[in-house]
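To find a chain, count down the sequence lines: A is the first, B the second, and so on, and within it residues start at 1.
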There are 2 protein chains.
Amino acid sequence: MAESLDATDWAILAELQADGRVPLTELGRRVNLGASATTERVKRLEASGVITGYRAVVDLERVGCAVLAVVRLKHAGSRHEPFHRVVRRRAEVLECLRTTGEDCYVLKVAATSMAHLERVVDELSFFGDTNTNIVYGQTLPYRGPQGP
Amino acid sequence: MAESLDATDWAILAELQADGRVPLTELGRRVNLGASATTERVKRLEASGVITGYRAVVDLERVGCAVLAVVRLKHAGSRHEPFHRVVRRRAEVLECLRTTGEDCYVLKVAATSMAHLERVVDELSFFGDTNTNIVYGQTLPYRGPQGP
DNA sequence: CGATTTTACCGGGGAAAACCCGGCTGGATC
DNA sequence: GATCCAGCCGGGTTTTCCCCGGTAAAATCG
C-alpha cells in the first residue's frame, strides 16, 4: 500500500488530469512508454486508490446554474446527521467540506437563480447561522495536485 | 448556441460525470441509444461547451497532500494581477473563486504539511488579510450539476 | 559471487470500441 | 402531400483495448 510515485507516474497523472479520456496508447506516446506498460501503471494507480475515478467536467452556466455561491455554516448543536442528510439530498450542494474554525462547514452551492439560492440557504439555515458569498468567477481554470 | 438539454442529454451527463471513461457504446447501452447516436450527442455536448473536459480524480492524501485548507482573502488595493500571478504559479492552490462579501477570494489549498501550508499562506498574506480553515474531510463524495 | 526471484517493459493477436459513411424515419415547413 | 431536416441506425474500416508470454535489468538470497 506504500506509494512511491516516480516521475513517469506524475507525468501520467498530469496527462490524465488534463484529459481523462486520452487513449492509453496515446498516453503512452506522451510519456514515452509502450501501451502495455502504460496500461499497467494506470491500472496500478487506480487499484492503489491514487486515481479514484474519472469525471466529465460540465459548464455550470450552460446547464442553467447561473448562480454559484460559497456558503459557510456554523452548525448549532452536535447532532450533524440531519444536516448531512439534507446536504446529500439537495443536488444544488456540489461540495461540502467540514473545517476548523468558527464556520464548521463550507459548501459550494449551484442554483439557477437568486430565488432558488435563497430557498437552499433557507433550508441550510435551519442547522445554524449561514454566511453566503456569491461567486463572480473562477480565477483559476482548475487543477489537481501536481508533482514534487 | 442555444442549449436545450433533454432527458437523454442529462442521462449522458450523469453517466459521464460518474465515470468519464465509460466507452461510448456502453454509455449508449445505459441510456438506451445506439453507439452512433450516443457519439453524436456527446460530440455536440463537447462542441457546445456543456462538457468542458474530462479529468482523472486524484486522491490528495495518497499523493502526499496531507493538509487541505480553505483560505479566504480580503485583497487590499485594486490591482489584482500580481495576486492572480501568484495563485497561478503556486501549484498548491487548487481552486480560486472570486466572491462577493468581505473576503474577495476563497481559495482551496493543498499542502504536504502545516509548515508547507504556512509558507503558502504567508505568500498569500502579502496581498491582504487571510483567514485559513483546515479541512477535516469531505462530507459529500462530490457531484456535478444534475438534471432539472 | 553467481543463481533465483522480482519488477518493468515490450510485442503480438483476438476482441472490442471508435470512426466515418450512407440510409431510414418521423415530425415540421410550405 | 412533397420537401426538408434532425436524430437515429447499421455496416465496414481503423484504432484501441486486453490478455498473453517473453526479455532484460535490478533486487534478493544462498
Rounded to whole angstrom units, what separation is found between the [atom1] atom of [X] and the [atom2] atom of [N]?
X       : N      : atom1 : atom2 : result
A:Leu33 : C:dT7  : CG    : P     : 17 Å
A:Arg41 : D:dC17 : CZ    : C1'   : 19 Å
B:Leu45 : D:dG7  : CG    : C1'   : 14 Å
A:Leu27 : D:dT15 : CG    : C1'   : 16 Å
B:Tyr54 : C:dA18 : OH    : C1'   : 13 Å
B:Arg30 : C:dA17 : CZ    : P     : 11 Å
A:Asp9  : C:dA8  : CG    : P     : 9 Å
A:Leu24 : C:dA18 : CG    : P     : 12 Å

Mind checking B:Ser36 for me? I need base, sugar-phosphate or nothing, with any heavy atom below 4.0 Å counting as a touch.
->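 Base contact.
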How do A:Asp6 and B:Pro23 order along DNA chain C: which one's closest nucleotide is nearer the 5' end?
->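 The residue whose closest nucleotide sits nearer the 5' end is A:Asp6.
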Considering only side-chain heavy atoms of A:Thr25, which listed nucleotide, C:dC9, D:dC17, C:dA18, is closest?
->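 Side chain of A:Thr25 sits closest to D:dC17.
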Of all the nucleotides listed (D:dT16, C:dA17, D:dC8), which has the minimum atom distance to the side chain of B:Glu40?
->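 My answer, after comparing the listed nucleotides, is D:dC8.
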Below 4.0 angstrom from OP1 or OP2 of D:dC18, is there any side-chain N or O of A:Lys43?
->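 Yes, because at least one side-chain N or O of A:Lys43 sits under 4.0 Å from OP1 or OP2 of D:dC18.
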Phosphate oxygens OP1/OP2 of D:dA6: is one of them under 4.0 Å from a side-chain N or O of B:Arg44?
->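 No.
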Will you find, in the side chains of B:Tyr54 and A:Gln17, an N or O donor that is under 3.5 Å from an N or O acceptor?
->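 No.
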Anything under 30° is parallel, anything over 60° is perpendicular, the rest tilted; go ahead and classify B:His80 against B:Tyr105.
->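 B:His80 and B:Tyr105: tilted rings.
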Name all residues meeting the salt bridge (charged side-chain N to carboxylate O under 4.0 Å, His left out) criterion together with A:Arg30; count only those two or more places apart in sequence or in a different chain, and write none if there are none.
->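 For A:Arg30, the residues satisfying salt bridge (charged side-chain N to carboxylate O under 4.0 Å, His left out) (neighbours in sequence not counted) are A:Glu15, A:Glu26.
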With sequence neighbours left out, write down each residue that passes side-chain hydrogen bond (donor to acceptor under 3.5 Å, both in side chains) with B:Asp59, or none if nothing qualifies.
->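 Not a single residue meets the side-chain hydrogen bond (donor to acceptor under 3.5 Å, both in side chains) criterion with B:Asp59.
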Other residues, nucleotides, ligands: >12 heavy atoms within 6.0 Å of A:Gln138 CD =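 Counting neighbours around CD of A:Gln138, more than 12 heavy atoms of other residues, nucleotides or ligands fall under 6.0 Å, so yes.
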